[in-house]
Amino acid sequence: MNASTRIPGTGDVESLRPYRVADALHSEWLKIRTLRSTAYTLLVTIGLGVGLGLLFTAAGAAGYDGGDADVRASFDPVATSLKSHILAQLALGQLGVLVVTSEYATGMIRTSLVSVPRRTRLLGSKAAAFFAVAMVTGQLVGFATFLAGQRVLAARHVPHVGLGDPHVLRAVFGCGLYLAVIGLLGVALGALIRSTAGALAVLVSTTLLIPVVANALPSRWADAAHKWWPSTAGGQIMVVHRQPETLAPWAGFGVLCLFVGLVVAVAFAVFRKRDV
């Protein structure tokens, strides 16, 4: 007889059947959709992205108006509009953390492991379901922030661009990709650390604090950190006017994906072997 598992939420014998990958994905999607913090966090992510994007764009336009020739020559209207990703990534990364740590906090992780005994399938379903949500949210943030920001630049008579201009669509779409990958990093950190506060501390340090602290290092080290640190390298995908000392957009994004992939792989290995 084939092994079977009772579908959570049902009590009749007829409901017994093998628990498939599709079942695990559907279950994790329901958890994300019904998690109380999901709607709030997604709204905060979009609000931070668009609202702060307008503020950063207005500040960039003011800097352009009062800047010298070098400032105007290096002005990147796309990167200026998308600068709010710095804070939006923290909101989406927090939701990624909560996808895992909320189950540890409530003890639901034990029920999940009974329902889906294959731990790699369980964590993989969590990661896949969340990544889909993060991709949609990230693209909404990217395109909404860009379009709103370009309207601000146009109103201020500052150079602005459209999606059809060279490399612009890549940069805007890349903003959504970047945010989704950072959210996936949050899932991996949640699985590794199992504490919301601890995982958030590591996430903030990785994406925000270390790049800032690196600026205080000697110039050679600071330049290397700016070029190769995963979050700053990955951010190059949102840049149209690339600086010569930085990685190319897709190469930089590849560094970020490699780093997050390694963290995810470690999270799977640890989650598979350790006790609840």
Side-chain angles (χ1 to χ4, degrees), residues 21 24-25 27-29 31-32 35 41 85 89-135 137-138 177-214 224-237 247 250-276:
V21 173
L25 285 170
S27 176
E28 295 305 322
W29 160 244
K31 291 177 187 177
I32 293 175
L35 190 66
T41 306
H85 80 274
Q89 67 182 344
L90 299 181
L92 202 55
Q94 177 189 14
L95 182 58
V97 168
L98 289 172
V99 164
V100 180
T101 59
S102 62
E103 291 203 35
Y104 281 101
T106 61
M108 277 295 297
I109 189 65
R110 293 181 177 85
T111 304
S112 297
L113 288 171
V114 170
S115 302
V116 188
R118 294 186 181 179
R119 294 186 171 218
T120 54
R121 177 177 296 181
L122 175 61
L123 185 56
S125 298
K126 287 182 181 295
F130 173 77
F131 188 76
V133 173
M135 270 293 293
T137 304
L177 287 176
Y178 176 91
L179 291 175
V181 171
I182 294 298
L184 187 60
L185 175 62
V187 175
L189 291 175
L192 278 171
I193 301 174
R194 298 187 291 183
S195 164
T196 302
L200 284 177
V202 175
L203 179 70
V204 172
S205 299
T206 302
T207 59
L208 194 60
L209 293 184
I210 292 178
V212 171
V213 172
H226 182 69
K227 182 176 182 179
W228 293 104
W229 186 254
S231 61
T232 52
Q236 293 303 311
I237 198 172
L247 293 174
W250 287 110
F253 185 66
V255 170
L256 174 64
C257 290
L258 179 61
F259 170 76
V260 174
L262 289 174
V263 177
V264 169
V266 173
F268 267 87
V270 172
F271 186 75
R272 182 180 179 183
K273 293 184 178 180
R274 81 178 161 201
D275 296 333
V276 178

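- Between L247 and W228, some side-chain heavy-atom pair lies under the 4.5 Å cut-off.
- Evaluation of the side chain to side chain contact (heavy atoms under 4.5 Å, CB included) rule for V270 yields L192, V266, R274 as partners, not counting sequence neighbours.
- For A132, the side chain to side chain contact (heavy atoms under 4.5 Å, CB included) criterion is met by no residue, not counting sequence neighbours.
- A distance of 9.5 Å separates CZ of R110 from OH of Y104, quoted to the nearest 0.5 Å.
- Checked against side-chain hydrogen bond (donor to acceptor under 3.5 Å, both in side chains), S125 has no partners two or more places apart in sequence or in another chain.
- Counting only residues at least two apart or on different chains, no side chain to side chain donor-acceptor pair (under 3.5 Å) pair has a member in residues 202-214.
- Applying the ring-ring contact (aromatic ring centres under 6.0 Å, His included) test to Y178 and every residue at least two apart in sequence or in another chain returns H85.
- Annotation: side-chain hydrogen bond (donor to acceptor under 3.5 Å, both in side chains) contacts of Q94 (sequence neighbours excluded): none.
- Atom CD1 in I109 sits 9.0 Å away from atom OG in S102 (nearest 0.5 Å).
- A 4.5 Å side-chain heavy-atom check between F271 and L113 finds at least one atom pair inside the cut-off.
- Rounding to the nearest 0.5 Å places CG of L189 at 10.0 Å from CG of L184.
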I'd like to know whether I182 forms a side chain to side chain contact (heavy atoms under 4.5 Å, CB included) with L203, so could you lay out the CA-CA distance, the side-chain angles of the two residues, the decisive distance to 0.1 Å, and finally the verdict.
CA-CA 9 Å; I182 294 298; L203 179 70; 4.3 Å; yes
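- Side-chain contact between P211 and S231 is present, with at least one heavy-atom pair separated by less than 4.5 Å.
- The salt bridge (charged side-chain N to carboxylate O under 4.0 Å, His left out) pairs that include a residue from residues 89-109 are K31-E103, E103-K126, where partners are two or more places apart or lie in different chains.
- With rounding to the nearest 0.5 Å, the separation of OG in S27 from CG in L122 is 8.0 Å.
- Two residues are said to be in side-chain contact when any heavy atoms from C-beta on lie closer than 4.5 Å; F131 and V187 fail this criterion.
- In terms of the side chain to side chain contact (heavy atoms under 4.5 Å, CB included) criterion, residue partners of W250 (sequence neighbours excluded) are, by chain and number, R170, L177, I237, F253.
- Contact between T120 and R272 at its shortest, heavy atoms only, is CG2-CD, 4.0 Å.
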So V100 and F130, side chain to side chain contact (heavy atoms under 4.5 Å, CB included) or not? Walk me through it.
CA-CA 10 Å; V100 180; F130 173 77; over 6 Å; no
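- Evaluation of the side chain to side chain contact (heavy atoms under 4.5 Å, CB included) rule for A129 yields E28, I32 as partners, not counting sequence neighbours.
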For the pair L185 and V263, evaluate side chain to side chain contact (heavy atoms under 4.5 Å, CB included) and give the outcome as yes or no after the intermediate values.
CA-CA 7 Å; L185 175 62; V263 177; 3.9 Å; yes
